[in-house]
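Atoms considered below: every heavy atom in the structure, side chains included; atoms not considered: hydrogens, waters and symmetry mates. Both counts, for ligands and for their atoms, begin at 1 and track the order of listing.
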Amino acid sequence: MSVESNIQQIITQLPRHIRLVAVTKTVEPDVIRHAYQAGLRDFGENRAQELMRKAPVLPPDIRWHYIGHLQRNKVRQIIPFVSLIHSTDSLRLLEVINHEASRAGRQVDVLLQFHIAEEETKYGLDLDEAIGLLNSPAYASMHHVRICGVMGMATFTGDMTQVRKEFRHLFEIYSRLKSAFFNTAHEFCEISMGMSGDYRIAIEEGSTILRIGSAIFSEE
Ligand SMILES: *Cc1c(COP(=O)(O)O)cnc(C)c1O
């Protein structure tokens with residue numbers, strides 16, 4: 001299977017309102033270009049170094065998504081390239097993003113990452129932490145970030161009942177935050193969930209952004 005046919009196969013299953021982010025973390029620019037030629041414009045990286053290496057050699061109309069754990073000292077480097085940061089998992093990180101966006105004279109879109117999986121190792125906020133963040137005076141004074149929704153990763157398991165439960169949990173968090181903190185319908189609209197192994201379930205549970213790597217780029 002080629003990259004082009006993998007993409008076609010996924011796209012035909014997608015409702016129109018869902019955005020497909022092709023995760024390119026192990027993929028070189030030559031191959032990324034095939035996905036671009038197949039029509040994709042949203043690409044995701046999980047390391048600042050890789051984003052900075054690839055973005056300048058690929059077409060400028062690509063929207064780069066930062067999906068990995070983000071260290072505060074890497075924010076400045078990615079700001080010029082990034083379109084949406086999925087992995088905002090603390091107020092301190094959000095403060096740095098706001099500060100660096102202000103320095104660069106731009107506004108940056110972010111998602112709040114939630115810990116929904118059973119694994120200890122996955123980063124993310126819980127609901128109370130997010131409420132604390134959204135209620136904080138620090139957040140109230142930020143003018144260079146826009147929180148557009150939520151992101152989460154399900155447990156790496158073949159148990160799709162478990163995965164579905166975790167996606168439902170993320171949707172529930174999203175709904176509660178939206179009604180409590182965002183007044184207009186067009187704010188806080190994104191739910192980034194669903195990877196190669198579980199994106200069909202994610203679609204059923206309300207995902208608006210899929211992050212798919214191996215199902216696009218593996219040649220099997
Ligand atoms: C690697 C990665 C993905 C894509 O995973 P696949 O299983 O290859 O589709 C999605 N989200 C994050 C945060 C990742 O690190």
Side-chain angles (χ1 to χ4, degrees), residues 1-11 13-14 18-28 31-32 34-35 38 40 42-55 62-71 74-75 78 81-90 93 97 109-125 148-160 162-164 166-167 169-171 173-174 190-220:
M1 293 286 278
S2 68
V3 168
E4 287 84 349
S5 62
N6 289 343
I7 290 170
Q8 276 318 315
Q9 205 169 41
I10 294 167
I11 282 181
Q13 304 174 50
L14 295 193
I18 295 189
R19 194 145 40 131
L20 173 59
V21 174
V23 176
T24 53
K25 64 191 177 199
T26 58
V27 182
E28 288 305 309
V31 179
I32 298 175
H34 289 292
L40 298 190
D42 292 278
F43 294 92
E45 283 287 337
N46 69 343
R47 288 171 182 274
Q49 206 64 35
E50 289 294 284
L51 177 60
M52 284 156 39
R53 181 170 73 84
K54 293 171 188 175
I62 288 177
R63 292 177 293 268
W64 288 100
H65 296 247
Y66 192 85
I67 62 171
H69 182 62
L70 181 54
Q71 290 170 305
K74 297 285 167 62
V75 172
I78 71 165
F81 303 108
V82 81
S83 159
L84 179 63
I85 297 174
H86 292 229
S87 45
T88 313
D89 61 358
S90 70
L93 176 59
I97 296 170
D109 288 346
V110 306
L111 305 177
L112 298 178
Q113 181 174 357
F114 286 87
H115 183 276
I116 56 170
E118 280 184 337
E119 290 116 342
E120 295 282 328
T121 52
K122 285 182 182 157
Y123 295 98
L125 301 158
C148 300
V150 302
M151 179 269 215
M153 286 170 88
T155 305
F156 187 70
T157 172
D159 179 356
M160 290 300 136
Q162 174 73 21
V163 167
R164 190 181 294 279
E166 292 169 358
F167 287 156
H169 181 206
L170 185 60
F171 191 90
I173 288 170
Y174 164 80
E190 304 292 353
I191 305 178
S192 168
M193 63 184 186
M195 307 178 14
S196 294
D198 55 24
Y199 72 87
R200 291 176 190 84
I201 296 173
I203 293 169
E204 289 168 10
E205 299 304 330
S207 173
T208 66
I209 304 177
L210 306 174
R211 309 177 312 271
I212 298 185
S214 50
I216 292 175
F217 294 109
S218 77
E219 304 278 326
E220 284 136 45

Do any nitrogen or oxygen atoms of ligand 1 lie under 3.5 Å from a protein nitrogen or oxygen, and which ones?
unit_1	atom_1	unit_2	atom_2	d
ligand 1	8 (O)	S214	N	2.8
ligand 1	8 (O)	S214	OG	3.1
ligand 1	9 (O)	S196	N	2.9
ligand 1	9 (O)	S196	OG	2.5
ligand 1	9 (O)	G213	N	2.8
ligand 1	11 (N)	R211	NE	2.9
ligand 1	15 (O)	K25	NZ	2.7

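- Between L20 and I216 the shortest side-chain heavy-atom distance falls below 4.5 Å.
- K54 meets the salt bridge (charged side-chain N to carboxylate O under 4.0 Å, His left out) test with E45, E50; sequence neighbours excluded.
- Distance CD1/I212 to CZ/F217: 10.5 Å, rounded to 0.5 Å.
- Under the rule for a salt bridge (charged side-chain N to carboxylate O under 4.0 Å, His left out), R200 has no partner lying at least two apart in sequence or in another chain.
- Legend: residues meeting side chain to side chain contact (heavy atoms under 4.5 Å, CB included) with R63, ordered by chain and number and at least two apart, are R19, R41, D42, H65, S83.
- The aromatic rings of H69 and Y123 sit parallel to each other, their planes meeting at less than 30°, with 60° as the upper class boundary.
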